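Notes for the one structure printed next.
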Number of protein chains: 2
Amino acid sequence: MNDKLPLRRATVHDVARQAGVSLATVDRVLNGRPGVRPATAEKVESAIAALDFRRDLSASLLARARDLRVQFILPDGRNEFMANLADAILRRARTGIAERLHLDVVRVKAMDPAALAARLGQLDRKSCDCAVIVATDDEAVRRAVDGLARKGVAVMTLVSDLPNSARKMFIGIDNVAAGRTAASLMGRFCGGGKVALIAGSLGLRDHQDRLAGFREVAAREFPQLELIGPFEAHDDRGETESFAAGLLRDHPDLKGLYNMGAGNSGLIAALEAAGRAGKVRVIAHELAEPTHAGLKSGAIDVVLDQNPDGEIRAAVAGARALALGHPVDPHAEPIEIGIFLRDNLR
Amino acid sequence: MNDKLPLRRATVHDVARQAGVSLATVDRVLNGRPGVRPATAEKVESAIAALDFRRDLSASLLARARDLRVQFILPDGRNEFMANLADAILRRARTGIAERLHLDVVRVKAMDPAALAARLGQLDRKSCDCAVIVATDDEAVRRAVDGLARKGVAVMTLVSDLPNSARKMFIGIDNVAAGRTAASLMGRFCGGGKVALIAGSLGLRDHQDRLAGFREVAAREFPQLELIGPFEAHDDRGETESFAAGLLRDHPDLKGLYNMGAGNSGLIAALEAAGRAGKVRVIAHELAEPTHAGLKSGAIDVVLDQNPDGEIRAAVAGARALALGHPVDPHAEPIEIGIFLRDNLR
DNA sequence: CCAGCCGTGAGGTACGTGCCTCATGAGCTA
DNA sequence: TAGCTCATGAGGCACGTACCTCACGGCTGG
């Protein structure tokens, strides 16, 4: 009989009783509605603390009778990683529907800050609780993010961050660590010799970070490596292919190649055309169709990956926390760097 | 006005109307209660399909007014990985309380099938919706699992599976792939030479699998490696230390060492005592305190890891699916093999 | 002194599902 | 044909929270 009481979770009713106020007042405090004297609010807060009350998520979502709406904004283009990210979102959306979670994806022109800012401007509180963007580091985007925050829409950055803005959270890997890891593996695989570095664009924060990490470890632990580059191939298949072809021609003794950006299918094509696939140690990023094939064939040795499903999971968890008004650490969800060889392909 | 209708999710009421039956009948079908003619059930099923109805999780949990109770049973002892797993469960339990999720952990004597079976026998429907166990491959355990299933308690295996039992699901990494990965890295790091293999026990399925994977790739891709062992050190720190010490003494030319089991602090101690830390390539399993330290100091080169938080997340998701009667693929949640070097330590 | 505002209490409905009881009618058996 | 079982309908309460209206008393300013 009374043995069930200690097992029961505290409810708003318990809080009201404990605080000596009415249910309505507890409700006002809990949901930040006006009309409560600070002293009264204080009583409620301490009752909440004393009872260890936590709002019941199920009931809460049910009572609002409204989905949590999360709007993802990704760059468009032929970038396989972004396509995988979009797929992961759609997958999550299917199971999310049972948890009152409505996920939506739009693509905007890649590397076009104005397009991203404009799309952000169209969002509002009614249609969207949280926007998740792959940020371009730009003033217009920063202003759009801050504007949205003022309108009450939480903004989260994904993959690429936007510091000094009103974004509530960043989800992504530590790209400096990824660069360090690449250097560490490359150093042990090659021993010494020439290693070429290719980036998408040095204007992208994540590529910059990878480069910095690689250089740091290469200099400290593998001084016998001779670094060539970095070069920019703009995440483009064709450009990467022709560039890599030239590199292989000019350096018959090339031992290793680290591609920090996309365009890996071009890279593989160049290696195969030169008959050097499997002879040059290659480290690339993002496990997508081309890199998967490259690992299998032996043209690529290692792929460093940020798991799209994991990132989406973290983003959704963050969005939910933000929407429910929980306090959130901007970098609370460290995404693990996936390392793939031919032998642990998923 | 009517623009909201297409946006609304279907409810049981909609299903009832569409199927031309009452709410009660829909409820009977949904919850597998008796008293529905097959033909009628069929009508309900097709209405569900037509409307794409999914039971609202929030409402469902709320209505049961009852937590989902998940009982974890882990081996006891000084195994750091199991301790980390227990910590991960407690962490998850704290946030789970808001989602009507009650997680509990008990430890039973390690490598003692009878103890595990006995503990399983104490569970029942009332106190537990789902049991999650690190299985020992044994007949008594298998019988206990099957008995529990008959009592209506779902059983899930974690880390180490129990095939040919009534367990509904297995959560863990692909240990054969882990072994292959270890061999692939070891081969590239060493080039050739003597590599020693240490397991906890060859009676453990996961260690067996790792061994098989390692041998497969070593034989195929790195025939110049000379494999020594496998030896059994029973996941014990002291035993591993003395054994490794002997190994290092007997083989001054030892190039690599793959420890498939626990006891890594002993391994590191032996390496340091012999002055060979950093000179022998070492690959170990599970990122815990000793292996973390080993990576940092350079005594260990690579740690293959199964992320405890990820495994618990998958286990909880699976438990929820099982409890709600969703169909579940026994191996639906592939856990990624984490690969850690000094450079991407979390 | 009264109008007006503010803080608060009281009580209700709704969200979608789970689970219960009771009634009804159809089909079966003896 | 009485009595039975079984499939189904009808309806209601509960879960814990969100959000609404209305009322009441105290306080303030003019």
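Excluded from the calculations below are hydrogen atoms, water molecules and symmetry mates; all remaining heavy atoms, backbone and side chain alike, are included. Chain naming here is simple, since letters A, B, ... match the order of the sequence lines and numbering starts at 1 in each. All figures in this text were calculated on a predicted structure; none of them were measured in a lab.
- Counting heavy atoms from C-beta outward, S60(A) and R64(A) have side chains that approach closer than 4.5 Å.
- For the side-chain contact (heavy atoms from CB on, under 4.5 Å) with V26(A), the qualifying choice from D14(A), I48(A), V21(A) is V21(A), the only one to do so.
- Rounded to whole angstrom, the span from the CZ atom of F53(A) across to the P atom of dG16(D) amounts to 11 Å.
- Proximity of S60(B) to the phosphate of dG18(C): a side-chain N or O atom is located under 4.0 Å from OP1 or OP2.
- Without hydrogens or angle criteria, R92(A) side chain to V316(A) main chain gives no donor-acceptor distance under 3.5 Å.
- Spacing between atom CZ of R55(A) and atom C1' of dC19(D) amounts to 13 Å, rounded to whole angstrom units.
- Atom CZ of R64(B) is separated from atom P of dC20(C) by 12 Å (rounded to the nearest Å).
- In this structure, the CG atom of L57(B) is 12 Å from the C1' atom of dG16(C), given to the nearest Å.
- For H13(A) and dG11(C), the NE2 to P distance is 12 Å, given to the nearest whole Å.
- Applying the salt bridge (charged side-chain N to carboxylate O under 4.0 Å, His left out) test to D129(A) and every residue at least two apart in sequence or in another chain returns R66(A).
- Checking side-chain atoms of N31(A) against main-chain N and O of D27(A) turns up a donor-acceptor pair under 3.5 Å.
- Residue-to-nucleotide proximity on DNA chain D shows that, of A59(B) and P38(B), the 5′-proximal contact is made by P38(B).
- Listed by residue number, the members of residues 20-37 of chain B with any heavy atom below 4.0 angstrom from DNA chain D are G20(B), V21(B), S22(B), A24(B), T25(B), R28(B), G35(B), V36(B), R37(B).
- For the pair E42(A) CD and dG7(C) P, the interatomic distance rounds to 17 Å; values are reported in whole Å.
- Five base pairs at each end of the helix from dC1(C)-dG30(D) to dA30(C)-dT1(D) define two local axes, and these are offset by 30° (rounded to 10°).
- The heavy-atom pair separating L103(B) from I89(B) by the smallest distance is CD1-O, 3.9 Å.
- Looking only at distances, a side-chain donor or acceptor of D138(A) sits under 3.5 Å from a matching main-chain atom of A140(A).
- In this structure, L61(A) places its CG atom 15 Å from C1' of dT17(C), rounding to the nearest Å.
- Rounded to a whole Å, the CG atom of D14(B) is 12 Å from the P atom of dC15(C).
- A donor-acceptor pair under 3.5 Å is formed between the side chain of T157(B) and the backbone N or O of M169(B).
- Between the side chain of D146(A) and the main chain of A166(A), a donor-acceptor pair closer than 3.5 Å is present.
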